[in-house]
There are 2 protein chains.
Amino acid sequence: MELSQRKEKILAAVVEHYIKTGEPVGSKTLLSALDINVSSATIRNEMAELVALGFLEQPHTSAGRIPTNEGYRYYVDHLMGVRPLDESVKRQIEAGVSIKNASPEAILAKASEFLADMTDCAAVSTTPSGENATIKRVEFVPVGTRTGMIVLLTSTGVIKSKVCRSDVDLNSSMIEKFYNIVKSSFLGMPLDEIDTATLQTLVASMGMDALTMIPFVSAVSDLAQEAMKTMVMLGGQSNILRYRDDYGTTAYELMDFLRRGEPISRLLANSKEDFDVKIGGENKFKQLENSSVIMAHYNIDGDNRGSIGIIGPTRIDYASLIPSVRYLTDLVGELLTQTLNDD
Amino acid sequence: MELSQRKEKILAAVVEHYIKTGEPVGSKTLLSALDINVSSATIRNEMAELVALGFLEQPHTSAGRIPTNEGYRYYVDHLMGVRPLDESVKRQIEAGVSIKNASPEAILAKASEFLADMTDCAAVSTTPSGENATIKRVEFVPVGTRTGMIVLLTSTGVIKSKVCRSDVDLNSSMIEKFYNIVKSSFLGMPLDEIDTATLQTLVASMGMDALTMIPFVSAVSDLAQEAMKTMVMLGGQSNILRYRDDYGTTAYELMDFLRRGEPISRLLANSKEDFDVKIGGENKFKQLENSSVIMAHYNIDGDNRGSIGIIGPTRIDYASLIPSVRYLTDLVGELLTQTLNDD
DNA sequence: GTTAGCACTCGACTTCAAAGAGTGCTAACG
DNA sequence: CGTTAGCACTCTTTGAAGTCGAGTGCTAAC
């Protein structure tokens with residue numbers, strides 16, 4: 001749907017004014033904000049049409065207009081100026097994500113916290129999906145006479161460890177056998193190929209040793225499962241209170257939604273583009289019906305992607321936050337790639 | 001300060017009624033809740049004295065009474081019935097913390113979440129302090145030609161790992177040297193004795209090898225520092241919205257306070273008893289002036305302690321939540337001790 | 001010491017009116 | 001035909017005034 005240039009100007013002004021103040025915008029206010037040579041009556045006419053088209057709405061008859069979700073959508077898609085990020089903001093973001101010698105989890109956790117502080121929104125990020133990751137290394141660290149810690153390292157730099165308990169006392173030949181199994185069956189293996197079926201054939205092939213090795217092998221498998229799961233890092237939940245009125249009654253639901261990692265990772269993984277904005281009900285989660293999500297995805301070595309995003313009210317400042325989220329996400333992606341390939 | 005038996009009855013009734021309803025309690029309401037054979041006028045007289053003594057207050061002249069912090073304190077110290085926990089509640093808690101083969105962090109994180117859900121409050125827990133912990137094991141896992149991962153395991157079961165980068169290509173003699181250093185200087189060493197001074201003398205004693213070993217040694221030291229830090233696990237921040245009115249304007253401050261782990265660990269570490277209740281301004285944190293904290297401490301092998309607690313409004317249900325927090329904390333302590341000694 | 005009775009206080013809720021913001025419509029204008 | 005001035009209309013907000021009711025504090029009597 002195409003709008004006349006004047007309608008676009010008016011829509012943009014309404015959106016921007018409403019984002020700034022949170023108050024419905026009237027025709028006179030618009031008149032002074034707009035450098036158009038028409039009267040308020042004309043603007044009223046235009047606005048009435050924008051209401052009919054579904055881009056604006058009135059809270060009540062005698063109030064100004066506020067954008068509908070469709071209004072925000074049109075604004076984001078067509079009207080929003082994509083001014084490049086200010087150099088000083090770039091510096092700030094660079095400083096915010098810089099952290100050295102850190103694990104991917106720590107990097108993303110810090111990025112979430114920083115992004116939340118910067119945007120006054122709740123921020124989320126997910127670790128790279130383990131779908132295309134392989135097992136890079138498995139180590140066994142004896143801890144007690146019958147227990148040891150198994151450490152698994154994936155090609156995506158994720159480290160998982162788990163204490164595992166043997167039914168009999170450990171001895172060096174057992175450990176040697178374990179490393180042989182690791183070498184022949186686990187190293188280089190894609191995480192998602194380690195399922196119960198492969199595990200069973202593996203155990204079957206071990207013959208006599210099966211019984212003693214089962215705890216170790218299944219621990220490795222557990223760790224692989226765990227490493228595949230994307231983790232969700234949260235930041236700035238307290239910022240939800242900042243826009244409490246905008247969320248209305250969904251504030252509690254929203255906070256509760258953020259607690260549970262799983263739906264968030266689905267939310268973030270849902271979008272196929274490098275970058276995505278979901279406005280209000282556009283995402284199918286009821287808890288987010290009064291919220292907008294701005295998210296971007298990073299890639300590590302091509303195809304392992306994770307996401308970073310912010311969740312705010314629908315009247316979030318799209319124009320200035322979108323570039324920030326994108327820039328930060330790109331930076332984090334680079335940082336992660338670099339950490340990973342830094343051998 | 002001693003109160004007459006009748007005053008105690010009245011104070012207890014006011015506290016309990018206010019906790020339940022959140023409404024100021026009047027003399028007539030009290031009359032029906034209390035099985036005392038006096039008139040409402042007598043109760044009024046008693047209440048007036050309780051106000052004078054500082055245990056009750058009136059929001060305004062013509063309203064009922066609500067407890068002051070001192071009132072809650074007297075209630076908790078002298079009046080609250082310490083009924084033993086219901087068997088079904090015990091079962092529920094046992095089910096809530098049960099989790100197998102998990103790290104201390106995972107156990108505590110789960111306990112926090114569960115406690116938050118059960119009590120409708122925000123819940124926090126801290127990992128055991130590393131003060132009396134020693135280094136149990138250090139492993140080096142090569143990752144690339146110049147990088148490797150160092151894994152440190154403490155006597156308290158904490159596992160920390162870190163990628164570390166050498167200035168020259170790794171070879172087996174370097175790794176051997178590293179393990180020798182670990183064996184002679186790190187194993188069994190208390191974490192808090194690894195400071196820059198000891199590190200310097202250690203490096204000095206290495207002579208020729210100092211340069212190549214420095215990255216590894218300092219990584220171990222970093223990990224030791226990290227392992228000493230108590231971590232804070234949070235649960236149920238969203239529950240703050242549940243009692244939003246009670247927190248008044250401090251709701252945001254409270255959430256923000258919860259974000260930062262450091263003050264929380266100070267708060268929890270501050271109390272010397274096995275168990276502690278801080279009511280309103282009793283804890284010196286301004287952000288908590290409208291909140292009460294119920295916390296308990298667990299011990300692992302005698303002296304390594306951590307804490308678990310809940311943070312709610314001052315009109316939190318002390319009588320039923322205190323036993324729950326204690327029971328859960330004891331359980332978690334046992335679980336951690338067991339996990340640790342399960343060699 | 002306890003109680004009944006009563007005047008009094010003060011917030012909560014309702015009603016009403018006035019103010020103000022903003023609209024939609026109509027008629028006139030270029 | 002698009003634009004505009006003018007105006008009646010609608011609906012929220014604000015504040016004042018009034019009522020209600022819960023609850024108190026005090027006094028006088030038991």
Side-chain angles (χ1 to χ4, degrees), chain A residues 2-11 13-18 20-68 71 245-246 248 315, chain B residues 2-11 13-18 20-68 71 245-246 248 315:
Chain A
E2 285 282 310
L3 293 182
S4 75
Q5 213 179 345
R6 194 168 64 186
K7 278 203 184 58
E8 290 196 337
K9 256 188 168 171
I10 290 174
L11 177 56
V14 171
V15 170
E16 277 159 17
H17 197 274
Y18 183 66
K20 218 186 303 175
T21 67
E23 302 285 317
V25 191
S27 52
K28 276 189 194 149
T29 318
L30 235 38
L31 196 56
S32 57
L34 235 46
D35 57 344
I36 274 188
N37 263 342
V38 292
S39 74
S40 65
T42 309
I43 296 185
R44 277 203 293 283
N45 289 335
E46 294 282 49
M47 289 206 292
E49 287 182 55
L50 284 169
V51 169
L53 291 168
F55 293 119
L56 296 180
E57 64 181 343
Q58 294 179 280
H60 49 263
T61 340
S62 72
R65 308 303 211 281
I66 61 176
T68 61
D245 296 344
D246 294 303
R315 52 171 276 257
Chain B
E2 285 282 307
L3 292 182
S4 75
Q5 214 181 343
R6 194 169 65 188
K7 278 204 183 60
E8 289 196 337
K9 257 188 167 170
I10 291 174
L11 177 56
V14 171
V15 169
E16 278 161 16
H17 196 274
Y18 184 66
K20 217 187 304 179
T21 66
E23 301 285 316
V25 191
S27 51
K28 278 190 194 147
T29 319
L30 234 37
L31 196 56
S32 58
L34 234 47
D35 56 344
I36 274 187
N37 263 341
V38 291
S39 73
S40 66
T42 309
I43 297 184
R44 277 205 293 283
N45 289 334
E46 294 282 50
M47 289 207 292
E49 286 182 55
L50 284 170
V51 169
L53 290 168
F55 293 119
L56 295 179
E57 65 182 341
Q58 293 178 279
H60 50 262
T61 338
S62 73
R65 309 300 211 285
I66 62 176
T68 61
D245 296 344
D246 294 304
R315 53 171 275 255

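Below, chains carry the letters A, B, ... as their sequence lines are ordered, and counting in each starts from 1.
- Here the C1' atom of nucleotide D/dA22 and the CG atom of B/L31 are 15 Å apart, to the nearest Å.
- A/E46 has its CD atom 15 Å from the P atom of C/dC25, to the nearest Å.
- Heavy-atom minimum distance, A/R315 versus A/Y18: NE-O, 3.3 Å.
- In terms of heavy atoms, A/L34 sits closest to A/A13 at CD1-CB, 3.4 Å.
- Across all strands shown, the partner of C/dC8 is D/dG23, judged by Watson-Crick or G-U wobble contacts whose two distances both fall under 3.5 Å.
- Between B/T61 and B/N37, the residue whose closest nucleotide on DNA chain C is further toward the 5' end is B/N37.
- Proximity note for A/T42 (side chain, C-beta onward) versus D/dT4, C/dT2, C/dC6: the nearest is D/dT4.
- Taking only side-chain atoms of B/R65, from C-beta outward, the nucleotide of D/dG25, C/dT3, C/dC10 with the closest atom is D/dG25.
- Residue A/H60 contributes atom NE2, which lies 10 Å from atom C1' of C/dT23 at whole-angstrom precision.
- Atom NZ in B/K28 sits about 14 Å away from atom C1' in C/dT3, given to the nearest Å.
- Of the candidates D/dG25, C/dA4, C/dT23, C/dT23 carries the atom nearest the A/M47 side chain, counting heavy atoms from C-beta on.
- Between A/S39 and D/dT4 there is a side-chain polar atom (N or O) within less than 4.0 angstrom of OP1 or OP2.
- At a threshold of 4.5 Å between non-hydrogen side-chain atoms, the residues A/F55 and A/L3 count as touching.
- The pair B/K7-B/E49 meets the salt-bridge criterion, since a charged nitrogen lies less than 4.0 angstrom from a carboxylate oxygen.
- In the set C/dT3, D/dG25, C/dC10, the nucleotide with an atom closest to the side chain of B/Q58 is D/dG25.
- Which of D/dT24, D/dT4, C/dG22 sits closest to the side chain of B/S27 comes down to D/dT24.
- One can place CZ of B/R44 at 14 Å from C1' of C/dT9, the figure rounded to the nearest angstrom.
- The phosphate of C/dT2 has OP1 or OP2 within less than 4.0 Å of a side-chain N or O from B/R6.
- Both B/N45 and B/S62 lie close to DNA chain D; mapped to their nearest nucleotides by heavy-atom distance, the more 5′-ward contact belongs to B/S62.
- If you take CD1 of B/I36 and P of C/dT3, they are 10 Å apart, rounded to a whole angstrom.
- At least one side-chain heavy atom of B/M47 sits less than 4.5 Å from a side-chain heavy atom of B/S27.
- With rounding to whole Å, B/E49 atom CD is found 12 Å from D/dC26 atom P.
- For the pair A/I66 CD1 and C/dT23 C1', the computed distance is 16 Å after rounding to whole Å.
- When both distances must be under 3.5 Å, the Watson-Crick or G-U wobble mate of D/dA28 is C/dT3.
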